[in-house]
Each structure stands twice: as C-alpha cells, then as structure tokens.
Amino acid sequence: MKKGDHLFLVDGSGYIFRAYHALPPLTRKSDGLPVSAVLGFCNMVWKLTQDARNTDVGVVPTHFAVIFDYSSKTFRNDLYPEYKANRSAPPEDLIPQFGLIRQATKAFNLPCIEMEGFEADDLIATYCRLACDAGGDTTIISSDKDLMQLVGATVGMYDPMKDRQIGVPEVVEKWGVPPEKMIDLQALTGDSVDNVPGVPGIGPKTAAQLLEQFGDLDGLLTRAGEIKQEKRRESIIANADKARISRELVTLKNDVPVIEGLDDFTLHEPDGPKLIGFLKTMEFSSLTRRVAEATGTEPADVQAVAVTIERADTAHGPDVGFGVPAAAESAVGAVTDEAGGSTAAGREPREGDTPSLLSALRFEDATARKIDTSAYVCIRDTAVLKAWIAEAMEAGIVAFDTETTSTDPMQAELIGFSMATAPGRAAYVPLAHKSGNGDLLGGGVVENQIPIREALGVLKPLLEDKSVLKIVQELKYDLVVMSRHGIDVAPFDDTMLISYVLDAGTSGGHGMAALSEKWLGHSTIPLKELAGSGRSFVGFDQVDIDKATAYAAEHADVTLRLWRVLKPRLAAKGLVSVYERLERPLVPVLARMEQRGISVDRQILSRLSGELAQGAARLEDEIYQLIGERINIGSPKQLGDILFGRMGLPGGSKTKTGQWSTSAQLLEDLAAEGHELPRKIVDWRQLTKLKSTYTDALPGFVHPNTKRVHTSYALAATTTGRLSSSDPNLQNIPVRTIEGRKIRTAFIADKGNKLVSADYSQIELRVLAHVAEIPQLTQAFADGADIHAITASEMFNVPVEGMPAEIRRRAKAINFGIIYGISAFGLANQLSIPREEAGAYIKKYFERFPGIRDYIDATKAYAREYGYVETIFGRRIHYPEIRSSNPSVRAFNERASINARLQGTAADIIRRAMVRMDDALEKAKLSARMLLQVHDELVFETAEAEVEATIPVVRHVMENAAMPAVSMSVPLHVDARAANNWEEAH
DNA sequence: ACAGAAGCTTA
DNA sequence: GTAAGCTTCTGTT
C-alpha cells in the first residue's frame, strides 16, 4: 500500500445487527431461510466496490476488507469480567445469517477477517494505523460510536444505511468533543449495552462539558474537587476507578498481531460467475441481474452453489451473556420487619395468629420451598384431570391460569390451562397444541390432548363451585376467555389486585414476573424463551408441550404462593374493604363491558379520514410553499431547524435534548405575533393527529365477529385508582374542537337503541369542598351555583352577575390548579401571566379559603410522615420519594399526593357506582348495559323505549355512590342525556 | 425490534 | 401544577 491508496474497512458484525433491524424481513422464497441482512450486506458491498461514480462515498477504494467479531470472549473480559455480560442471544432468524454473510464476503472475493480474542473494532483500529503508516487513507464503513475515536486526518467513517460521511466535524457536532477525546468521553458515560460502567449520573452532555473544562480524563480525575455541583463531584470522586477501567475497555487496540497484511486487501475485479453463483443460491434476482450486467456474465450459465447454514447451537456470533438476575432480597426485609423481626421464624401457622404474623409465616413457607419447574405434571388424560379436580374441590382452593394465542381476550384461542392446589403441586392441561413447523400442510393437532369440550365440561363445575375459591393473577383476562366458553368463574381472588391495593405507588408493577421476584425471590420463565419474540414470535399453540407445562404450571404455582403471602397482608394493613368493595367486584363488571363493546360506524370514519387527508394535503402544500422545501413536517427536528435556523423565526426554548421546541403553545404564540407558517403547522398537526390516531386506527379494532370495538380496561395501571383504557384507548376520544367532535359521531347505538351518557359534574372540586370542609364552596354546590364564578367573586370582590369572562377564567384555572397541587409556575404557564402575578393570586386565594391551605398542608405532612395518602374510602397511594432531598422531586411528590386524594376519591366513587349499576338496572327491569367509563362519565346502550326510565336509575346510583360508607357534605350532581351517537349524548 | 423523546388526545 | 395512552420520529442493539 502506498500514498494515495484508499482502504475501505467494513464493520461486518456491526452491519449485520443494524441491517437486521433496519430492513424489512425477507426470506428466501424456496424455503423461508431468513436473508434480509444478507441482501442488505450484498447490496452495500456491491455499491461500495463499484466505480466511485456509483458509490456514495465519492472515492475509489484500492484496498478493501470486511472485519468480523470472532466471538464475544476477548481480552476485555480478563480486564473486566462483566464486559458485554448482559448481551442477550441474537434473534433466531439472524443466526443463520452470520455465516451467510461471511460466505457472501468470500463470494465477492474480499478478505474476511476475524481473530480470536479481539473484537472487530480492534482489528479495524490496527489496519487504520497500518494504512496511515503506509501513507494511505481509510474509510470505515460503520456508524458505531466506538469507532469514532479513530477518525482523523486520514481516517473517515461512512454510514451506508444513512448515506452519511462522518468526519471530525460530525463527531464534534454529535458528541461535543473531537475524536481524540471520544475515549475519555466514553470512559465517563459508560455504555449500558456493553456493560461498560462509566460514572453514574454522567451523560454525554455533562461529559463533554467536563472534558472541555479539564482537558482530559486524567486532568478531571486529579482536579475533581473543583467541580461545583455536589452530586457530580462526589460521583466522579467515588467512581474514579470505574472511569479508569472504562477507559481501558473502550480504548481500541491498534497493535493486534494481525496475520493478513494490507497488501492482501488489494481490491480485484469481482469474479462474476463465483459471485453470481452465490447470489443465485440466495435468490437475490435483481442484484444477480445487476452483477451479471456489470461483469458481463450470463446468469443462466452459472450454477447455484451450496452454502453452509449454521444452526443456532453451532453459530459463531455473539454468545449468550451470563447475566444472572439479582435475587430480590428486599422482600425478605420488608416482611420480617413488618412481622416484628424474627418472631415468625420457622414454625407452623396456628389458629389465632395475627394477619401480619400469618403473612410472614406464609412468606417463609413460600420461599423456603424452592420452585422446581421440572416437577410439574402434564395432564393428558381425562381420568387424571378428574382426580386433580377432586383434589381442588377437597382443598376448597385452586390457583388457575389459561394459556392462549393472544393478549386480547376477545380474540384469544384457548390452548391449555393450568392449576395448582398447593405450593409446588401444579399441573398443565394442554388442549389445542399444534405440531408441524408452520408449513402449509403442517399444523396438525398434537395427539394425546384431552378434547377441549370434554376438559371444559369437567372443569366447569370446579370453576363455578361456590365453595371453591379460584385464585387468578390478572383475573379479568381469564374471566373473559372462560366466559366465551360458557363458564362463569366464581368465587375468586386476584393476586394482581391484592398487590395493587397493598402497594399502589411503590416501585415495581403488579404483573406476575415482578411479584414473583419481589415476594418469592423467583424469576419466572419468560414467554420469549418458549415462543420467541418480535418477528420470530409464534402462538402458544406452537409451543412444545413439555416447555408449556413448565411455563404454565409455574404460573399457577406462583399465583397460589403469591396469594398465600399477600392475602393476609390485606387484613394486616386494614385494606380488606378496599379490596372487597372497590377492586374485586369491579372485575366481572369490566369483563362484561369489554365483551359488549360499542358499535362504531366505519363509513363515518372513512369519510372523515378522507376529509382530513384532503385538509392535511392542502396545508402541506401551503407549508412547502412558505418554506420553499419539502421537509418532513412530522419531524420536530427538521421543523425546528427550518423554522428557527434557516428562516430565523424568534425561537423560544430548547427541549432537554437541545432541540428547538416546536410545541403547539410556542407555535400559537408565534402565530399571534402575525407569522403565517406556525398557524398552518398547528392546524396540520391537528388534522394528521385526528387521522392517524382515530379515523385510521379505530376501524382496525372492530372485532371480526361482533362488529364492535372492545377496549381493554386496566384496573391496576394508575397510581390513583383510576382505570385506564387501551387497545384502543376510548378514554381520550376528542371532544374539544369541532373537527375532533365529529369522531364521536361514529360511536353509535345499534338500531332501536340509544346511547346514554351520564357524567359527574365537577366531581373533584366537590370532593375537595367535602374533604377540606370549605363552607363557601359547600354552600355554592348546595345552591347549584356556578362554582368558578363564586370563586372569582370571593377572590376579587366582584358580583357574580355581569362578571367579565376573563375574571371567571382565571378563577377556573386556580380551581383546577388546586386539584393538581398548585404551583405559581404552573398557574403562570396556564394563564400566560408572570409568575409573580400567579403567586399573588394563589396568596389571595388562600386568604379567602384558608381551609384549603390547611388541607394542603395537612396532606403534605401526612404523606411525609406515612409515605402514603388515603382516599376517603381508605384506598392507599404510596409516595416513597416524598422525603427526597431533591427539592423538585419532593415538590412533585407533594403535588401528586394532594391530587391523589382528590382524583382517587373521585375514582372510588365512580367505581362504587359501577359495582352497583348492573344490579340496579336489573332490579328496575331495564335492558340498559354499561359500555364505557371515562373517569367521570359512564356510557350506556339501551332500548329506545326505556331511555326515560333508565336515566333516573343511572342518576340515582351515581349520585348516591358514596353512601352509605361516606355521607358527603356536598351533593353529587350527574348530567345525563340520550342520543343516537356519543357526540350528541355527551 | 425496541426505547425514548416529542407531541397530542382525554379527564 | 395531576392522572393516563398512542403515533411519529430518532437513535441504538
């Protein structure tokens, strides 16, 4: 190699992963072999090796090599055993492509370089240095930040997937430091993917700023005491060693004893027949054609060649990591603490044990017996199933779980079920597992499974038996699935809901995996180990029955053990009535609502979608006219660059990632100053939002059989006790703008029916008036007065009559502010007034309503003392961070806890109404059915003739929902209306 | 494929 | 200033 020569080094391993995820899936037609990354690789290499005019790099390579990782074990593992330890196995359909890409490289007549003990990056670094020594230039084909330290006068990078050159300026722009400081920057930031530790709390922005200030890592570490920010200083001093080891890990080795020299990399003309042989084997027809043309080869004369296809267990490529999940020791501490230390040590529970003692004993019991997933029974015979069911009947208690093909219970097909009668004693009953590898003729039902009708016939009496308690995790799902098979499961307990009642607001969710870790110290088998994930995901019916047995029976076993630990805790904490009145009975109510669904008129949506598309297209044209370029308007990044960079509009704030903010608020302000463009962008966003989120998405949720839309309500998703709705979310259907409201006209009643919408008026303010005992507000609600006007009148001494709209608007904002845990900052933002003015309003408000200030102070003090707040029905919401030393974290938790009492109480009230509603309607012999809940609103469908009789019943149940548990000092008021669609009923 | 940011919809 | 979920874009594995 000599001066003027140009070496191309392709980061083969890096490319494989990126291509795999970036490119659409592609399989070889003849046999389904996954080849998308192989095709991407071949296209790229072909382009790069052709004449410079055909490439995007703009230079002609004289030397060319493709570099791979040999395996994930390298000298870095000796430096730091955890290095890359949390890498997971590559996706199954990528594995055969590792070998194929190496074979592709050889077919291109290119050197295929890898070396045991070194990463591809080290080899690249070494060849860069060799080329530089010889006076040549190098282009690294990669976009990996780990390679950016090599960039310099003779070394550049090129990202083939984004067609982007990466030189010194690009590195500085992206990372804030020149390439030679990348090593120090990475040493500070670390890399969670490769398990490079770095310094906790230091990200790229901070690292760049520190390196600017102190020159380099050594300078920073020696003078760390000079850093002003306390946390940052302490973290850097405490983690200096981690930074040093990180620097070693990220520093690429440029003196690897390589075997091939640069002269071996001299680029030759491609060998047409050899390359075409490989491409034909891969069935890449269009690339075959192009290569044939360029090399003057006749493809028909070339035979496809044999390739080696590696199986998952023999493939090179990144090894599976050894990351072992940390044991959940916290749970041990939690329980024994509450049980009073060691009093619970290893004895049998006795009659008369206190609930907390019992819970601790059960906890010990549950964790002492280790979970052995290989010890479960697979039931494939009706007689055996009957014996298990008899055992469950005898026990009076059984944990139960279903296995299906979908997370949507309305679409799910039942594949099997599992049950547990005692810890460790669990079984799985396969019903509809299929065999075959998914080819067209395969997919036959596996033999020796109990016929589904027969099994369910045996199971039904158990699930419906009043004397047998069924324990289920996330009960609602199974309730819907079993209800579709004509089984009404009762009575029941739901471990997810018990956890939610006990621990809403504490870290960690209430799903089975999290609860098992937390309470049993046991990691459950992840579904993806059985069924894969992403593109390789298969339905549960394709899962091997032995594996399914371990997985499914484990669920029943874990559920039962969780119940034994958690259920006594309810009593220990005085939360039984919350669970029994607000949570458990709502499950079948919601299950029925979800199963009913609501009718949606697809024609209306389709017409609206067309109108929105037209409107958006017109605005798009006008926007392109104004900016003189066709950018992606949906990209805030591009938009910000054009608006505030090139066009020089007065840009406001930047977001936390340093981008220009293009929020609607900011664009509205610009529009108000007379700029034409921002208005159009805001309008365009509204139209495209309505189209993509609603008119285009909703029809996809119409169920093929019922022709209705079935949302899914989550009972344990919010901290405050509200429900949430998803797939689709029917709790955020537009209502504020006229364009948005049109979407509601598509939600319709079936023929002969009406929709009835009933909503609580100002429920959270009424709750506030009640709990804070504010006489003026209580009186105003009793009088049925305009609450915001009364507030304004009290504050500003103006009569309600003839009050200017602006005055009332401000009082309204303050009222809402109180519910949200008011701050001067927030109120100022909302009203677009200076913070001082907002502060003065709040002061004035508290002077007139001192009871509210007392209420807020009392709530904060309570939350700080106990770590939680309670609704008036006793629901607990935890705020573990309320004592944080960070003032903004603390303030946030204070606001949230103030809001939680109000929002949570309102949520409890509507829950109580929902639990009673079906009974009340039945007693009144009405056909009305509850369909939707939107926090303070219930939507029903009812026979047209019964509308007049239905509304008073609904109103009565809702308005008296707090009774008799709580007699509120403020009346609840419900507005209700009937119409053919949701827009008119609301 | 997935995660995070930005933005927008609701109560 | 509270509580959610969904879509698009962007960057990364």
Side-chain angles (χ1 to χ4, degrees), chain A residues 13-14 16-23 25 84 87-88 90-91 94 143-145 159 161-162 174 191-194 318 533-537 632-640 655-657 659-667 682 685-686 688-694 696-697 711-712 714 717-737 740 743 759-760 763-764 813-814 816-831 838 842 877 891-904 906-907 910 933-937:
Chain A
S13 295
I16 295 174
F17 278 96
R18 257 187 96 204
Y20 173 76
H21 289 305
L23 301 172
K84 293 200 174 177
R87 280 273 168 110
S88 53
L94 179 55
S143 62
D144 192 339
K145 71 168 186 309
D159 177 350
M161 306 192 67
K162 294 231 175 92
K174 174 96 194 267
D191 186 332
S192 58
V193 174
D194 290 345
S533 68
R535 277 183 285 189
S536 58
F537 185 81
N632 183 349
I633 308 171
S635 161
K637 191 172 179 293
Q638 293 181 31
L639 195 60
T655 64
K656 60 182 160 186
T657 52
Q659 286 300 315
W660 294 105
S661 166
T662 65
S663 67
Q665 177 65 59
L666 198 144
L667 296 182
V682 170
R685 278 188 184 160
Q686 194 205 4
T688 51
K689 172 79 179 175
L690 292 175
K691 182 169 185 294
S692 65
T693 309
Y694 302 105
D696 288 355
T711 182
S712 172
T718 72
T719 49
T720 56
R722 275 191 177 181
L723 305 179
S724 75
S725 155
S726 63
D727 309 295
N729 181 355
L730 295 185
Q731 290 181 323
N732 72 346
I733 301 301
V735 71
R736 279 176 208 190
T737 63
I743 289 162
D759 68 295
Y760 285 106
I763 187 166
E764 286 173 0
I814 293 170
F816 273 96
I818 298 293
I819 292 168
Y820 297 152
I822 201 153
S823 77
F825 182 85
L827 184 63
N829 253 348
Q830 176 68 31
L831 289 174
I842 295 170
I877 300 130
F892 175 80
N893 278 273
E894 287 171 355
R895 290 194 299 272
S897 58
I898 291 160
N899 172 256
R901 282 183 77 185
L902 306 172
Q903 191 186 107
I910 197 165
Q933 190 251 40
V934 193
H935 308 307
D936 65 1
E937 175 189 11

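Numbered from 1 within each chain, the chains take letters A, B, ... in sequence-line order.
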Colleague: Atom CZ of A:F816 to atom P of C:dA3: distance rounded to whole Å?
Modeller: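 About 16 Å, once rounded to whole Å.
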
Colleague: Check whether A:D727 reaches the backbone of A:T711 with its side chain - one donor and one acceptor, N or O, closer than 3.5 Å.
Modeller: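 Pair absent, no side-chain N/O of A:D727 close to backbone of A:T711.
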
Colleague: So what does A:A19 touch, heavy atoms closer than 4.0 Å: a base, only the sugar-phosphate, or nothing?
Modeller: nothing

Colleague: Could I get the full list of salt bridge (charged side-chain N to carboxylate O under 4.0 Å, His left out) partners for A:R18, not counting sequence neighbours?
Modeller: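 So A:R18 forms a salt bridge (charged side-chain N to carboxylate O under 4.0 Å, His left out) with A:D159.
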
Colleague: Rounded at 0.5 Å granularity, tell me how far CD1 in A:I743 sits from NZ in A:K691.
Modeller: 11.5 Å

Colleague: Distance check, rounded to the nearest 0.5 Å: A:L827 atom CG versus A:I822 atom CD1?
Modeller: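 Rounded to the nearest 0.5 Å, the CG-CD1 separation comes to 5.0 Å.
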
Colleague: What string of B, S and - do you get for nucleotides 4-11 of chain B, 5' to 3', if B is base contact, S is sugar-phosphate-only contact and - is no contact with any protein heavy atom under 4.0 Å?
Modeller: -SSBBBBB

Colleague: Could you give the CD1-to-C1' distance, from A:I818 to C:dA3, as a whole number of Å?
Modeller: 18 Å

Colleague: Check every strand shown and say whether A:I819 touches a base, only sugar-phosphate, or nothing at a heavy-atom separation below 4.0 Å.
Modeller: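 Answer is nothing: A:I819 stays at 4.0 Å or more from every strand.
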
Colleague: Return the CD1 to CD1 distance between A:I818 and A:I842, rounded to the nearest 0.5 Å.
Modeller: 7.0 Å

Colleague: Which parts of residues 894-902 of chain A get close to DNA chain C, meaning a heavy atom less than 4.0 angstrom away?
Modeller: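 Contacting residues: A:R895, A:A896, A:N899.
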
Colleague: Return the value, rounded to whole Å, for the distance between atom CD1 of A:I16 and atom C1' of B:dA1.
Modeller: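 One finds 17 Å between C1' of B:dA1 and CD1 of A:I16, rounded.
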
Colleague: Could you check whether A:T688 gets within reach of a base, just the sugar-phosphate, or nothing at all, counting any heavy atom under 4.0 Å?
Modeller: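 No contact.
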
Colleague: Base, sugar-phosphate or nothing for A:G634? Non-hydrogen atoms, less than 4.0 Å.
Modeller: sugar-phosphate

Colleague: Judged by atom type as modelled, is there a donor-acceptor pair below 3.5 Å linking the side chain of A:S725 to the main-chain atoms of A:L730?
Modeller: yes

Colleague: Which listed nucleotide (C:dT8, C:dT10, C:dA4) is nearest to the side chain of A:S724?
Modeller: C:dA4

Colleague: In this structure, how many angstroms lie between the C1' atom of C:dA4 and the CD atom of A:Q933, rounded?
Modeller: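 Roughly 12 Å, once rounded to whole Å.
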
Colleague: Once pairs are restricted to Watson-Crick or G-U wobble with both distances under 3.5 Å, how does DNA chain C read as a dot-bracket string, [ ] for crossings and | for other-strand pairs?
Modeller: .|||||||||||.

Colleague: Figure out the NZ/P separation between A:K691 and C:dT7, and round it to whole Å.
Modeller: 13 Å

Colleague: Out of curiosity, A:R685 CZ to A:I633 CD1, how far, rounded to the nearest 0.5 Å?
Modeller: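 Rounded to the nearest 0.5 Å, the CZ-CD1 separation comes out at 10.0 Å.
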
Colleague: Which pair of non-hydrogen atoms, one from A:A664 and one from A:V682, has the smallest distance, and what is that distance?
Modeller: O-CG2, 4.3 Å

Colleague: Just call it for A:N632: base, sugar-phosphate, or nothing, with non-hydrogen atoms closer than 4.0 Å on any strand.
Modeller: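 Counting heavy atoms under 4.0 Å across all strands, the contact made by A:N632 is with sugar-phosphate only.
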
Colleague: Consider the side chain of A:S692, meaning its heavy atoms from C-beta on, and name the nucleotide among C:dT2, C:dA4, C:dT7 that approaches it most closely.
Modeller: C:dT7

Colleague: Round to the nearest Å and state the distance from A:F17 atom CZ to B:dC2 atom C1'.
Modeller: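 Nearest whole value for this atom pair: 14 Å.
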
Colleague: For a quick check of understanding: with a heavy-atom distance under 4.0 Å over all strands, which category does A:S823 fall into, base, sugar-phosphate or nothing?
Modeller: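 Since a base atom lies under 4.0 Å of A:S823, the category is base.
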
Colleague: Measure from the side-chain N and O atoms of A:S726 to the backbone N and O of A:N729, and report whether any donor-acceptor pair falls under 3.5 Å.
Modeller: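 No: the side chain of A:S726 does not pair with the backbone of A:N729.
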
Colleague: Pick base, sugar-phosphate or nothing for A:D759, based on heavy-atom distances below 4.0 Å to the nucleic acid.
Modeller: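 Touches nothing.
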
Colleague: For A:N893, enumerate each residue passing the side chain to side chain donor-acceptor pair (under 3.5 Å) test, keeping only those at least two apart in sequence or located in another chain.
Modeller: none

Colleague: Could you work out, with side chain to side chain contact (heavy atoms under 4.5 Å, CB included) as the rule, every residue matching A:Q686, not counting sequence neighbours?
Modeller: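 With sequence neighbours excluded, A:Q686 shows a side chain to side chain contact (heavy atoms under 4.5 Å, CB included) to A:L690, A:T737, A:E739, given in chain and number order.
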
Colleague: Scan A:Y20 against the nucleic acid and name what it touches under 4.0 Å (heavy atoms): base, sugar-phosphate only, or nothing.
Modeller: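 The answer is nothing, as A:Y20 stays clear of every strand by at least 4.0 Å.
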
Colleague: Distance-only, no hydrogens or angles: does the A:E764 side chain make a donor-acceptor pair with backbone N or O of A:L902 under 3.5 Å?
Modeller: no

